[in-house]
> 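The structure under discussion is supplied below as structure tokens; questions concerning it will follow.
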Amino acid sequence: MGIESTADNLGIGIASSDGIILANIVKVHVPKEGGIHPREAARHHSEYIGETISRALEQAKMKINEVDLIAFSQGPGLGPCLRTGATAARAISSYLKKPLIGVNHCVSHIEIGRLATKANDPLTLYVSGGNTLVSGYESGRYRIYGETLDIAIGNCLDTFARAAKLEYPGGPAIEQLALMGSKLISLPYAVKGMDMSFSGLLTAIINEYKNGKHSIADLCFSLQETGYAALGEVTERALAHTKKPELLLTGGVGANKRLRNIIKSIAEEHGAQPYYVPINYATDNGAMIAWTGILAYQNGLITPIEKSFVDPKWRLDEVEAKWRA
Ligand code: ATP
Ligand code: FE2
């Protein structure tokens, strides 16, 4: 059983050791106003975790004592949210006397992506509300080839959407409006080495919105084109350098058709196979934690209770991915 609680999604998943997902239940916390508030999201998770576990067991047609391992998101993420999931995981693990496994959230996005698409050794672009990462496996670990230096691309989209009074979350609304846009407004494009920055882009697009000179369609179109071009540039350079045979797109922003097209053309250009993780496994979910917990356990990795503290800044490249060796 995997418990995911890094941000506003509470997810409980159940996987079998041969990679069958038996249950995947997600309970989403929607903030009343503004962005996510870590303590309110944590309160939501503790309120619903019991019921969400019951629903997952029901979906898998299992009883709690048939669960063999308890995995949880140990980081990165929001401290209060992570602690809620970790507390539940420790309690269940000690009650059932079953091993506890702390899982890196970013690693788990890649692992469920590999499981769901059957990609074997992909370069991955993981883009969500809290993460923007270009990574691939090399010599024992998932390496970070490029990342954001400030905010994630999804956060940039959502914050602009809020400023422009569009629906929450912003990505889908911006995607629809962008289809009707055609004028490319000049906006800051920030790729520094292999890293990206989106905070200047966000400030600029909000200013362009406020000055009233452009249609909302042109604003959305320009925001997407500029932001996704940066993602594409870094991804393409990483693919050219690593010569990975596959290119995997995941995270909530990976639902975007324009971004998918960019990924597809990059992959084609470099003779790689593009893969898109199905949306229920691309956004935060418990199945990815359960599955990565199994991979870790099968390779002798477990987390003793005294080492099960959460790490809100746990980097992907700190994890020994023994199962990939
Ligand atoms: P994480 O904890 O991994 O950072 P998250 O909580 O942000 O994840 P996800 O569900 O993976 O969760 O991603 C949500 C993001 O995806 C939001 O920023 C949302 O606007 C964006 N998104 C969803 N659909 C689309 C779309 N069609 N186009 C662009 N962005 C989208
Ligand atoms: Fe995530």
Side-chain angles (χ1 to χ4, degrees), residues 2-11 13 24 26-31 35-38 41-42 44-45 72-82 85 103-113 116 124-133 135 147-148 151-164 166-179 198 202 220-221 223-228 231 248-263 276-289 291-292 310 312-316:
I3 302 177
E4 158 58 34
S5 69
T6 48
D8 43 10
N9 285 10
L10 169 68
N24 193 26
V26 177
K27 173 79 177 68
V28 182
H29 168 65
V30 181
I36 174 170
H37 186 295
H44 163 272
H45 298 345
F72 67 102
S73 264
Q74 201 170 1
L78 305 170
C81 300
L82 288 168
V103 165
N104 181 287
H105 177 89
C106 302
V107 168
S108 76
H109 269 289
I110 299 173
E111 291 308 340
I112 197 77
T124 300
L125 173 62
Y126 161 35
V127 274
S128 63
N131 290 284
T132 306
L133 276 179
S135 65
E147 63 189 319
T148 180
I151 59 172
I153 183 70
N155 187 353
C156 177
L157 297 172
D158 293 340
T159 309
F160 171 68
R162 232 175 3 253
L166 306 178
E167 256 173 60
Y168 178 91
I174 292 170
E175 175 167 27
Q176 288 315 308
L177 288 163
L179 293 173
F198 298 108
L202 174 60
C220 291
F221 172 75
L223 175 59
Q224 283 204 159
E225 290 307 306
T226 310
Y228 296 168
L231 295 172
L248 183 77
L249 177 62
T250 193
V253 183
N256 189 279
K257 293 205 178 62
R258 176 67 181 126
L259 182 58
R260 286 186 178 204
N261 278 331
I262 292 172
I263 289 301
Y276 315 99
V277 180
I279 199 69
N280 55 329
Y281 295 136
T283 56
D284 290 350
N285 65 86
M288 67 186 190
I289 305 300
W291 174 236
T292 310
V310 302
K313 298 206 178 301
W314 193 14
R315 283 172 67 82
L316 169 73

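When a ligand or atom number is given, it counts from 1 through the structure's own listing order. Quick caveat: nothing in here was measured; it's all calculated off a predicted structure.
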> Taking all atoms of both residues into account, what is the closest heavy-atom pair of Q224 and E175, and its distance?
OE1-CA, 3.3 Å
> Short question: side chain of S5, backbone of C81 - any donor-acceptor pair under 3.5 Å?
yes
> Name whichever N, O or S atom of D284 ends up nearest to the Fe ion (ligand 2).
OD1
> Run the numbers for me: atoms of ligand 1, each under 4.0 Å from some heavy atom of P169, listed by number.
19 (C), 20 (O)
> Restricting to N, O or S atoms, which atom of H105 is closest to the Fe ion (ligand 2)?
NE2
> Step by step, work out the side-chain contact (heavy atoms from CB on, under 4.5 Å) result for N280 and N285.
CA-CA 7 Å; N280 55 329; N285 65 86; over 6 Å; no
> Starting from atom 21 (C) of ligand 1, which protein heavy atom do you reach first, and at what distance in Å?
V253 CG2, 3.8 Å
> Taking the non-hydrogen atoms of D8, is any one of them nearer than 4.0 angstrom to ligand 1?
yes
> Distance-only, no hydrogens or angles: does the H45 side chain make a donor-acceptor pair with backbone N or O of A41 under 3.5 Å?
yes
> Can you name the atoms of ligand 1, numbered from 1 with element, that are less than 4.0 Å from a heavy atom of Y126?
1 (P), 3 (O)
> Is S73 reaching over with its side chain to a backbone N or O of H105, donor-acceptor style, under 3.5 angstrom?
no
> Can you sort out which atoms of ligand 1 are near H109, meaning under 4.0 Å from one of its heavy atoms?
3 (O)
> Set out, in order, the CA-CA distance, both residues' side-chain angles and the distance that settles side-chain contact (heavy atoms from CB on, under 4.5 Å) for I153 and T148, then state yes or no.
CA-CA 8 Å; I153 183 70; T148 180; over 6 Å; no
> Return yes if some donor-acceptor pair links the side-chain N/O of N9 with the main-chain N/O of D284 below 3.5 Å, else return no.
yes
> Can you list the atoms of ligand 1 that are under 4.0 Å from a heavy atom of Y228?
29 (C)
> Taking only heavy atoms of G154 into account, list the atoms of ligand 1 that are under 4.0 Å away from them.
18 (O)
> Would you say the Fe ion (ligand 2) has Y126 as a near neighbour, meaning an N/O/S atom of that residue under 2.8 Å away?
yes
> Considering distance alone, does some N or O of T283 sit under 3.5 Å from an N or O of ligand 1?
no
> Give the atom numbers and elements of ligand 1 that come within less than 4.0 Å of a heavy atom of E175.
26 (C), 27 (N), 28 (N)
> Any idea which part of L157 is under 4.0 Å from ligand 1, heavy-atom wise: side chain, backbone, both or neither?
side chain
> Would you mind checking which non-hydrogen protein atom is closest to atom 30 (N) of ligand 1, with the distance to 0.1 Å?
G171 CA, 3.3 Å
> As a check for students: among A178, A255, G227, G129, identify the option with a heavy atom nearest to atom 7 (O) of ligand 1.
G129
> Measure from the side-chain N and O atoms of E111 to the backbone N and O of W291, and report whether any donor-acceptor pair falls under 3.5 Å.
no
> Of the non-hydrogen atoms in L82 and P312, which two are nearest, and what is the gap between them?
CD1-CA, 3.8 Å
> Counting only heavy atoms, tell me which of S5, S73, G252 gets closest to atom 11 (O) of ligand 1.
G252
> Tell me, with the steps shown, if E167 and Q176 meet side-chain contact (heavy atoms from CB on, under 4.5 Å).
CA-CA 11 Å; E167 256 173 60; Q176 288 315 308; over 6 Å; no
> Treating N155 as the side-chain partner and G130 as the backbone partner, does any N or O pair qualify as donor plus acceptor under 3.5 Å?
no
> In this structure, which one of H29, H37, K27 forms a side chain to side chain donor-acceptor pair (under 3.5 Å) with H44?
K27
> Give me the nearest non-hydrogen protein atom to atom 17 (C) of ligand 1 as residue plus atom name, then the distance to 0.1 Å.
D158 OD2, 3.3 Å
> Suppose I only count heavy atoms of H105 and a 4.0 Å limit; which atoms of ligand 1 are within that range?
2 (O), 3 (O)
> Decide side-chain contact (heavy atoms from CB on, under 4.5 Å) for M288 and Y281; before the verdict, give the C-alpha distance in whole Å, the side-chain angles of both, and the deciding distance to 0.1 Å.
CA-CA 7 Å; M288 67 186 190; Y281 295 136; over 6 Å; no
> What is the nearest protein non-hydrogen atom to atom 28 (N) of ligand 1, stated with its residue, atom name and distance?
N256 ND2, 3.0 Å
> If you count the atoms of ligand 1 from 1 in the order shown, which ones are under 4.0 Å from a heavy atom of G130?
4 (O), 7 (O)
> Suppose we measure from atom 2 (O) of ligand 1 to each protein heavy atom; which comes out shortest, and what is that distance?
D284 OD2, 2.7 Å
